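All heavy atoms count here, side chains included; hydrogens, waters and symmetry mates do not. Protein chains get the first letters and strands the later ones, always in sequence-line order, with residue 1 at the start of each. Here the structure is a predicted model, which is why all the values come from computation and not from measurement.
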Number of protein chains: 2
Amino acid sequence: MAQAIRLHQVKSPLKASCQQCSLSNLCLPLAVEDNDLERLEDIVQQGRIFNRGEHIFDQSTPFRSCFAVKSGSVKTSIITEGGEEQVTGFFMPGELIGLDSMSGEHYACTAKALERTSVCEFPVEKLEDLTGKIPGLQHHMYHLMSQEIQNSHQLTMLLSKNTAEERIAALLLSLSSRFQRRRMSGTNFSLPMPRNDIANFLGLAVETVSRVFTRFQNQGIIKARGREVELLDVEALQMVTRDFSRQGCQQ
Amino acid sequence: MAQAIRLHQVKSPLKASCQQCSLSNLCLPLAVEDNDLERLEDIVQQGRIFNRGEHIFDQSTPFRSCFAVKSGSVKTSIITEGGEEQVTGFFMPGELIGLDSMSGEHYACTAKALERTSVCEFPVEKLEDLTGKIPGLQHHMYHLMSQEIQNSHQLTMLLSKNTAEERIAALLLSLSSRFQRRRMSGTNFSLPMPRNDIANFLGLAVETVSRVFTRFQNQGIIKARGREVELLDVEALQMVTRDFSRQGCQQ
DNA sequence: CGACCAATTTGATTCATATCAAAGGCATAC
DNA sequence: GTATGCCTTTGATATGAATCAAATTGGTCG
């Protein structure tokens with residue numbers, strides 16, 4: 001068995017081993033029984049690397065695959081004909097990109113690596129075959145897509161009802177919980193994206209984002225130096241978000 | 001064959017006949033071969049009626065089914081603990097409700113009939129079974145959910161970048177194209193929802209919506225009396241929306 | 001038919017955030 | 001080491017839409 005894997009690796013260095021991946025409890029393998037895992041591994045191409053700023057795909061790329069983030073982080077955004085950008089999401093390890101593109105010939109958004117990032121590629125055609133055969137995996141796909149809709153509705157709500165402070169508090173808490181899921185500190189982390197992208201995502205001007213950060217800092221709620229952030233008073237942040245609670249629980 | 005159908009109808013008056021439904025080219029049957037259609041009809045419960053204001057489900061209802069609008073129209077919204085409402089969508093005949101709820105035990109939103117409305121019910125458990133067996137149907141479900149994500153992203157964009165006028169123009173055009181899909185007039189229709197819901201959906205105050213309507217009217221772009229709307233200058237509306245183009249092309 | 005309640009419209013004022021402008025900080029490259 | 005450019009911060013001003021207030025319309029029901 002181990003030999004078989006090695007053999008494949010010789011043939012194709014990208015051959016996946018989801019079993020050994022530390023993200024197997026977050027990513028697609030989560031929904032697959034051990035004895036079916038091999039079938040998933042058969043269709044994955046693992047470990048493509050992108051440097052900061054590189055596109056994983058853009059809106060002119062024919063839609064072929066969904067991508068799971070393995071390490072690093074990714075920003076997705078819609079670029080209009082006029083060149084305006086709307087950031088639609090940030091994706092961290094274990095999260096799946098491309099679900100919004102499963103209709104249409106081309107990707108519905110542009111995905112850009114925010115830092116040096118590695119991704120696993122799932123060709124949709126094969127993935128659809130597989131989900132047809134593994135009910136649990138099909139169910140999980142529905143689950144993930146449904147989550148994605150909910151997340152987007154939460155963002156809609158944030159944009160339509162909440163102040164700048166509330167939006168930013170919500171984003172910080174979302175990031176925090178996603179770091180925690182990966183057994184990393186939920187209070188001490190480094191923002192993968194520039195202020196600019198935060199602003200765009202939250203429908204604010206960069207200046208406003210900056211001002212809110214300093215205001216939070218003056219209130220002793222957070223400590224921020226550049227992208228390094230420390231959440232000093234999570235409760236206070238939760239108070240700020242009021243009833244906008246759990247955006248971004250992607251699983 | 002006709003007898004068999006009649007027989008079923010005697011047993012259960014809700015037994016579906018998707019074949020005869022005028023929406024079969026918009027709704028789920030669209031993705032199903034003729035010889036599989038019966039299997040879809042087997043799981044559908046057709047024709048439940050709701051009066052204006054009645055809930056099809058709410059956020060405390062255990063999630064069991066998706067619903068296709070057969071006639072009338074439906075508003076979905078998220079109600080927060082604080083009682084605030086965020087309208088997340090309007091659904092017209094042929095469109096499918098509940099895709100955002102396919103994760104979690106309960107519905108992720110509340111669905112309310114905007115007028116006397118009839119819906120077809122698809123129990124998800126059976127639907128998932130069926131999509132596992134009919135690849136085209138599974139594909140279509142992915143397609144619809146993906147569309148829903150895209151629609152929500154378009155709304156996000158609208159809220160974060162566009163003025164009140166642009167948002168309302170976009171909504172009018174979206175409704176227009178959805179009426180046209182049903183072979184109804186795209187320039188002369190009756191809004192199924194009150195100004196209040198439009199405002200909430202678009203992240204505006206009612207007063208603003210009202211003002212924009214009268215402004216458009218003074219400019220000769222539309223004619224509106226109550227919910228009755230006539231689009232006099234579609235081109236002008238399209239100009240107003242700028243590069244926000246095709247929101248709500250749900251198919 | 002008239003009365004009541006809800007939905008819509010209109011007007012005056014306020015406010016949060018955008019925009020404009022510019023200075024400081026940080027990292028990369030030469 | 002210093003220069004270049006980008007990212008971030010800070011300040012002053014402008015503005016679109018919210019809010020507050022009230023009149024008007026419209027539909028429903030006794």
Item to check | Interatomic distance where CG belongs to B:N196 and P belongs to C:dA6 [whole Å] | outcome: 12 Å
Checklist outcome for this item: On DNA chain C, more 5' by nearest nucleotide between A:A205 and A:R225 is A:A205
Next on the checklist: Using whole Å, what does the distance between atom C1' of nucleotide D:dA17 and atom CG of B:L202 come to?
Outcome noted: 13 Å
Item to check | Between P of D:dG16 and CG of A:L204, the distance in whole Å | outcome: 18 Å
Checklist entry - Within less than 4.0 Å of OP1 or OP2 of C:dT8, is there a side-chain N or O belonging to B:S210? => result no
Next on the checklist: Using whole Å, what does the distance between atom P of nucleotide D:dT15 and atom CG of B:N162 come to?
Outcome noted: 20 Å
Item to check | Atom pair distance, as rounded to whole Å: CD1 in B:I198 and C1' in D:dA17 | outcome: 17 Å
Next on the checklist: Does either side chain, that of A:T76 or that of A:T88, offer a donor lying less than 3.5 Å from an acceptor on the other one?
Outcome noted: yes
Item to check | Distance-only side-chain donor-acceptor flag, B:R167 / B:N162, under 3.5 Å | outcome: no
Item to check | Options C:dT8, C:dA18, D:dA18, nucleotide nearest the side-chain atoms of B:T208 | outcome: D:dA18
Checklist entry - Are B:Q86 and B:S77 close enough that a side-chain donor and a side-chain acceptor fall under 3.5 Å? => result no
Next on the checklist: I need the NZ-P distance between A:K161 and D:dA17, as an integer number of Å.
Outcome noted: 16 Å
Checklist outcome for this item: Taken to the nearest whole Å, CD/B:E165 to C1'/D:dT15 is 14 Å
Next on the checklist: Within the 4.5 Å heavy-atom criterion, are B:L204 and B:I168 side-chain neighbours or not?
Outcome noted: yes
Checklist entry - Between B:F67 and B:F122, is the ring centre distance below 6.0 Å? => result no
Checklist outcome for this item: Rounded to whole Å, the CD-P distance (B:E228 to C:dT8) equals 13 Å
Item to check | Heavy-atom neighbours of A:R52 CZ exceed 12 at 6.0 Å | outcome: no
Checklist entry - Between residues 211-221 of chain A and DNA chain D, which residues have a heavy-atom gap below 4.0 Å? => result A:R211, A:T214
Item to check | Residue from A:N196, A:N200, A:D197 passing side-chain contact (heavy atoms from CB on, under 4.5 Å) with A:V206 | outcome: A:N196
Checklist entry - Taking for each residue the nucleotide of DNA chain D bearing the nearest heavy atom, is the 5' side occupied by B:R52 or by B:E207? => result B:E207
